[in-house]
Amino acid sequence: MADVPRRPWRTLLRVVLSLAALSWVLSRVDLDEARAHLGGLPAWAWLAPTVIYTLNSGLHGARVRVLMAALGSAPPLGAVWGAMLRAAFAGAFLPSGGAELAKVGLLARASGSTEAALASILMARLLELVPWTLLLLWGLLWGIGEHDPVVGLAALVFALGFSAVLLGSVLLAWRGLPPPALLSRLPAPVERLARRTHGALTLLSHAPRALLLSLLLSLPFSLLNCLTAFLVMRAHGLPIGYLDTLAIIPAVDTLISLPVSINGIGVREGLMVGLLAPWGAGEAVAVAVAWTRWTGELGRAALGGILVLVGGAGERRGGS
């Protein structure tokens, strides 16, 4: 209970940090020039990010559903896709985020199994570290450290961290360790869920076909994420190649995803200002690129919000 009062303060701190970072960036940017670049974009540049991010939510849903099917608790793909979009709405428009928790709750409701939903989400995120680590290593080989020392250091730290997590997970699965003893210290309902989830994860670790298929589906998921950034940068006239995009965007996204701001506000703009200069992007163009790409996340979240409203209306009609 002592942690409850702290949560608003953590959220407030993230809001303050986001506003401070955004204010610092905008103080260096000609907003009229940024608006001019945004206004001159072709229509497809506004549509493509939302379409690609929405497709990626479907891919993520397919990856999770494959794992849930291995546990005998797979809802229809459309229901899983819808859950991913609703969770995107929660993550984008709630101050403290909560997209992953929303996914677990929505999938648990659709499947009737909280432990299957939780274990599948955890395993999908773990498998996703494989292509993300490979992309970070590509960025290091490409020379992102020379391009931007701070982002290069982040790429190295995350690549090593992700590799350690993957190696540790493989060793744990190989040795078949029992549930940690500390689970017995948890409240009884939480302990029961944790033990059931541990059992589900153990079953998944012995389902190689489901793991392989989920891993293979994570490859286009990562490539499409970078494709969005590539298309947006080309729409703004930057002469950047797709391989260059694969080198810089994964490291940028790891920093944007850190829980130090509200949805990466201020962080994404600052990173783009530094990273895109070698391709001739002034500060206004770099900020415009960051905002254009972000519309994809907002558009996907808006679709999820529509599903929330439609679902809520449907539930009220069904219960009346």
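Throughout, residue positions are numbered sequentially from 1 according to the sequence presented.
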Report yes if the side chains of [X] and [Y] come closer than 4.5 Å at any heavy-atom pair, otherwise no.
X	Y	value
Leu303	Tyr53	no
Val130	Ser218	no
Ser113	Leu71	no
Val287	Met272	no
Arg293	Met233	no
Leu211	Leu67	yes
Leu122	Leu126	no
Leu243	Leu246	yes

Query raised in the report: Hey, mind stepping through Asn225 and Asn56 against side chain to side chain donor-acceptor pair (under 3.5 Å) and telling me if it holds?
Result: CA-CA 8 Å; Asn225 182 63; Asn56 248 4; 4.9 Å; no
Kindly give the heavy-atom pair with the smallest separation between [X] and [Y], and that separation in Å.
X	Y	value
Met68	Ala116	CG-O, 4.1 Å
Thr245	Pro250	O-CD, 3.8 Å
Ala34	Ala288	O-CB, 4.1 Å
Pro49	Val232	CG-CG2, 3.9 Å
Val66	Ala210	CG1-O, 3.5 Å
Ala159	Leu137	CB-CD2, 4.1 Å

[atom1]-[atom2] distance between [X] and [Y], expressed to the nearest 0.5 angstrom:
X	Y	atom1	atom2	result
Arg196	Thr114	CZ	OG1	7.0 Å
Leu136	Leu156	CG	CG	9.5 Å
Leu135	Trp142	CG	CH2	13.5 Å
Leu219	Glu128	CG	CD	10.5 Å
Phe221	Leu216	CZ	CG	15.0 Å
Arg268	Ser257	CZ	OG	10.5 Å

Requested in this report: Would you please test His198 and Arg195 for side chain to side chain donor-acceptor pair (under 3.5 Å) and show each step?
Outcome: CA-CA 5 Å; His198 178 275; Arg195 291 188 182 279; over 6 Å; no
Requested in this report: Mind running side-chain contact (heavy atoms from CB on, under 4.5 Å) on Leu166 and Val170 for me, showing each step along the way?
Outcome: CA-CA 6 Å; Leu166 289 168; Val170 170; 5.6 Å; no
Query raised in the report: Salt bridge between Arg300 and Glu297, side-chain N to carboxylate O under 4.0 Å?
Result: no
Report task. Spell out, yes or no, whether Leu212 and Trp132 are grouped together once hydrophobic residues are joined by side-chain heavy atoms under 4.5 Å, including indirect joins. Result -> no
Query raised in the report: Hey, is the main chain of Thr292 close enough, under 3.5 Å, to the side chain of Thr295 for a donor-acceptor pair?
Result: yes
Requested in this report: Please assess Val273 against Glu269 for the test side-chain contact (heavy atoms from CB on, under 4.5 Å), listing each intermediate value before the final yes or no.
Outcome: CA-CA 6 Å; Val273 166; Glu269 293 85 357; 5.5 Å; no
Query raised in the report: Does the pair Ile249 and Phe230 meet the rule for a side-chain contact (heavy atoms from CB on, under 4.5 Å), with working shown?
Result: CA-CA 9 Å; Ile249 291 300; Phe230 170 71; over 6 Å; no
Requested in this report: Give the intermediate values and the outcome of side chain to side chain donor-acceptor pair (under 3.5 Å) for residues Arg234 and Tyr242.
Outcome: CA-CA 10 Å; Arg234 293 305 293 260; Tyr242 184 55; over 6 Å; no
**Report entry** Whether Trp279 and His147 hold their rings parallel, tilted or perpendicular, with breakpoints at 30° and 60°
**Finding:** tilted
Report task. List the steps and the verdict of side-chain contact (heavy atoms from CB on, under 4.5 Å) for Trp46 and Leu38. Result -> CA-CA 9 Å; Trp46 294 107; Leu38 292 171; 3.8 Å; yes
